[in-house]
Amino acid sequence: MPMHTYLNRNFFDPQRKKYRAVEEIAIEKQAVCLKTEDNKLLKIFHSLDDAKSAMDRLEWLKELGTKDDSLSDAIAMPSAILTGLKRDEVGYVCEPMNECTLDYYINPGKGEKLFRWYYDKTGGIEYRLKIAYSIATQLQQIHAKGICLVDICPRNTTLHFFSTEKPTQPTIQFTGADSISSYTYYAQTTGVPRYADPLVCQHRTSPSSVSDTYSFAIMLFEMLTTCHPFYGEDAELLSDEQFLEMLAKGTINYIGDEQANDNKNEIFEDTQIFLPEDLSVLFNKIFVAGKMDASIRPTLDDFKSVCIQSMKKIIRCDHTGCEKGYPYNQNHICPFCNRTTNRVILARLKKTVSASEKMLLPHDGIKGFSALPVITEDQNFMVIRPGLNKITRSFFEPSTKTEKGAVGILVQYSPEKKRIAIRNRFTTLNIKVLGKELLPYSKTDKGQHSDIGFSEDTKVTIELPTNAQIEPERIVLVEDEGYGIIQHKWSISIG
């Protein structure tokens, strides 16, 4: 049935509550999605050969949402089933709690200037990384319940508008509940064509958390660059149908593939500066090597940990009138004003591994035994930005997927005063800075023995105790005087 025949019509649920369709949202082969005058969503399926099976599925979804509040928070489940439809039609109502979709953060409005829209109106790179982290976390919670979303796309991902006054951690809720799969009901679709996993489209595998991750990666790439990862100059020569067919087969190249000479994208040439380096590595892994080999694709945990690290590596431009954040690059060139940021302060983490005098090992093919050589490795780095910076567990363990652990070290930077202050916020660890031992902060001490300040030009090293050990919620000191101990020591240089 043509989509427009549903517009401006009244629909009813079993309680005779009225829903008036006033806006077309999307059209599918046998379904339409509409918005009501009170911002609810209607999904109506038509021309069905087995309307009863479709109705059974909707009833199951409604019951599933009623039994599990956390699932209803994650997915806008059917709140009511529509009545009074034709024999070959079924439909439901859902009530998303958020007011916009991810499209708002991907497609600038008509007449919008790209950089102004990207940063001022939609939060820039850092807020997009927070959105990505929230989406990945919500997906993991859904997967933990034995459910896959399948139809992941920007239109089915809802959140709030960005607020410059109070930017908070984004709250994510998905729509498209009718397409989910579980152990009870298998997937009815291979996914939204522009976001579907080619391995699922070719029926080489079934929808799973792996295919959901592939769809998530496409959305994340779009949100950061405003470009679809496979829509380049080659795709522009194709019809929509031909492009979607090549996507489904996996025969069109990733626009960021440096080893390929085709399918480049002019817009991406400008917006790839928004891609943090660590994320670029993951995108190359999932869209090139992992496109047709799911076993080597990065996981949602990989994306979460990289989002955390990327947020810590954002430089704040120090030119008046710009002052925007951008991903770290060695030349410190701001993509928004095309000028070099004058002052960039980094905190670099090093780890030194050594052995006690009793520890003797054969190494490097040397005959007999000798002491283990001292090994020093660069582990991580972060940008010290104006204001308060937190050096947390994720800095010491870059693969961590959460920031719930206690704060370790606070670094306050004031460009106006050209001063940096450090506070020890470990629970039990003492640290050493400029020869001063800093004790863990306590309110009664008022920072007298836990704080230190210095000029921004001072080269400073923060030393942690030997054998400080990462535990699930904190970093602690492990003392072991046993024979042959291998010792490690973290140090952080600031400057």
Side-chain angles (χ1 to χ4, degrees), residues 1-103 138 142 145-160 171-182 184-189 192:
M1 180 180 288
M3 188 174 181
H4 67 270
T5 60
Y6 291 101
L7 275 177
N8 301 315
R9 280 181 53 186
N10 294 329
F11 297 89
F12 298 88
D13 65 20
Q15 307 302 318
R16 297 305 295 168
K17 186 174 181 179
K18 183 175 71 173
Y19 307 92
R20 186 167 183 80
V22 296
E23 184 183 344
E24 302 172 346
I25 300 298
I27 183 168
E28 300 169 14
K29 187 176 180 180
Q30 287 184 283
V32 293
C33 185
L34 306 106
K35 183 178 285 189
T36 68
E37 54 192 357
D38 56 351
N39 291 320
K40 294 180 175 60
L41 291 183
L42 303 179
K43 186 75 176 280
I44 301 173
F45 299 86
H46 58 80
S47 309
L48 298 174
D49 295 328
D50 190 353
K52 184 181 182 304
S53 294
M55 180 60 76
D56 289 343
R57 184 180 177 87
L58 294 185
E59 293 286 2
W60 166 69
L61 289 169
K62 185 174 180 296
E63 183 180 0
L64 190 64
T66 303
K67 289 180 177 179
D68 191 335
D69 290 340
S70 63
L71 184 61
S72 293
D73 289 340
I75 307 173
M77 304 297 278
S79 57
I81 307 299
L82 296 178
T83 61
L85 300 176
K86 294 181 178 181
R87 289 185 177 182
D88 64 348
E89 295 178 340
V90 298
Y92 70 93
V93 184
C94 70
E95 304 176 24
M97 61 184 181
N98 299 326
E99 69 265 26
C100 77
T101 70
L102 196 64
D103 281 315
Q138 194 73 287
I142 292 170
K145 296 177 182 292
I147 291 173
C148 294
L149 278 178
V150 186
D151 269 6
I152 297 177
C153 67
R155 171 172 55 83
N156 288 343
T157 306
T158 74
L159 66 169
H160 294 297
T171 301
I172 305 297
Q173 187 185 46
F174 298 100
T175 57
D178 52 275
S179 296
I180 69 173
S181 68
S182 73
T184 306
Y185 282 90
Y186 298 119
Q188 304 295 299
T189 173
V192 178

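Note that this is a predicted model, so its numbers are computed, not measured.
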Undergrad: What is the distance from atom CD1 of Ile27 to atom CG of Leu34, rounded to the nearest 0.5 Å?
TA: 9.5 Å
Undergrad: Is Ser72 reaching over with its side chain to a backbone N or O of Gly65, donor-acceptor style, under 3.5 angstrom?
TA: yes
Undergrad: Could you go through Phe45 and Arg57, starting from their C-alpha distance and side-chain angles, then the distance that decides it, and tell me whether this counts as side chain to side chain contact (heavy atoms under 4.5 Å, CB included)?
TA: CA-CA 12 Å; Phe45 299 86; Arg57 184 180 177 87; over 6 Å; no
Undergrad: Minimum heavy-atom separation for Asp73 and Met97, please, with both atom names.
TA: O-CE, 3.4 Å
Undergrad: Specify the closest pair of heavy atoms between Ile180 and Leu64, including all atoms of both residues, with the distance to one decimal.
TA: CD1-CD2, 4.4 Å
Undergrad: To the nearest 0.5 Å, what is the distance between CD1 (Ile44) and CD (Glu28)?
TA: 12.0 Å
Undergrad: Does Arg20 offer a backbone N or O that forms a donor-acceptor pair with the side chain of Arg9 under 3.5 Å?
TA: no
Undergrad: Using every non-hydrogen atom in the two residues, find where Pro78 and Ala177 come nearest and quote the distance to one decimal.
TA: CD-CB, 4.2 Å
Undergrad: Using only heavy-atom distances, determine whether the side chains of Lys43 and Thr175 contain a donor-acceptor pair under 3.5 Å.
TA: no
Undergrad: Starting at SG of Cys33, measure out to CG of Asn156 and round the result to the nearest 0.5 Å.
TA: 7.5 Å
Undergrad: Check for a donor-acceptor pair, side chain of Gln173 on one end and backbone N or O of Thr158 on the other, with a separation under 3.5 Å.
TA: no
Undergrad: Quick check for you: to the nearest 0.5 Å, what is the distance between Lys40 atom NZ and Cys94 atom SG?
TA: 10.5 Å
Undergrad: Side chains of Asp151 and Phe174: closer than 4.5 Å at any heavy-atom pair?
TA: no
Undergrad: Donor-acceptor check, side chain of Asp68 to backbone of Ser70, threshold 3.5 angstrom: yes or no?
TA: yes
Undergrad: Leu149 and Ile75: which non-hydrogen atoms are nearest, and at how many Å?
TA: CD2-CD1, 3.6 Å
Undergrad: Compare all side-chain heavy atoms of Leu82 with those of Tyr19 and state whether any distance is below 4.5 angstrom.
TA: yes
Undergrad: Between Asp103 and Arg155, is there a side-chain heavy-atom distance shorter than 4.5 Å?
TA: yes
Undergrad: How about Glu99: does its CD atom have over 12 heavy atoms from other parts shown lying under 6.0 Å from it?
TA: yes
Undergrad: Is any side-chain N of the basic residue among Glu37 and Lys18 closer than 4.0 Å to the acidic one's carboxylate O?
TA: no
Undergrad: Would you name the heavy atoms of Ile147 and Ser182 that are closest together and state the gap between them?
TA: CG1-CB, 4.1 Å
Undergrad: So which atom in Leu58 and which in Val90 form the shortest heavy-atom distance, rounded to 0.1 Å?
TA: CD1-CG2, 4.0 Å
Undergrad: Does Gln188 reach the main-chain N or O of Tyr186 with its side chain, forming a donor-acceptor pair under 3.5 Å?
TA: yes
Undergrad: Hey, what do you get for NZ (Lys35) to CG (Leu41), rounding to the nearest 0.5 Å?
TA: 7.0 Å
Undergrad: Would you compute the distance between atom CE of Met77 and atom CD of Glu95 and round it to the nearest 0.5 angstrom?
TA: 13.5 Å
Undergrad: Got Asp56 and Tyr185 here, is their nearest side-chain heavy-atom distance under 4.5 Å?
TA: yes
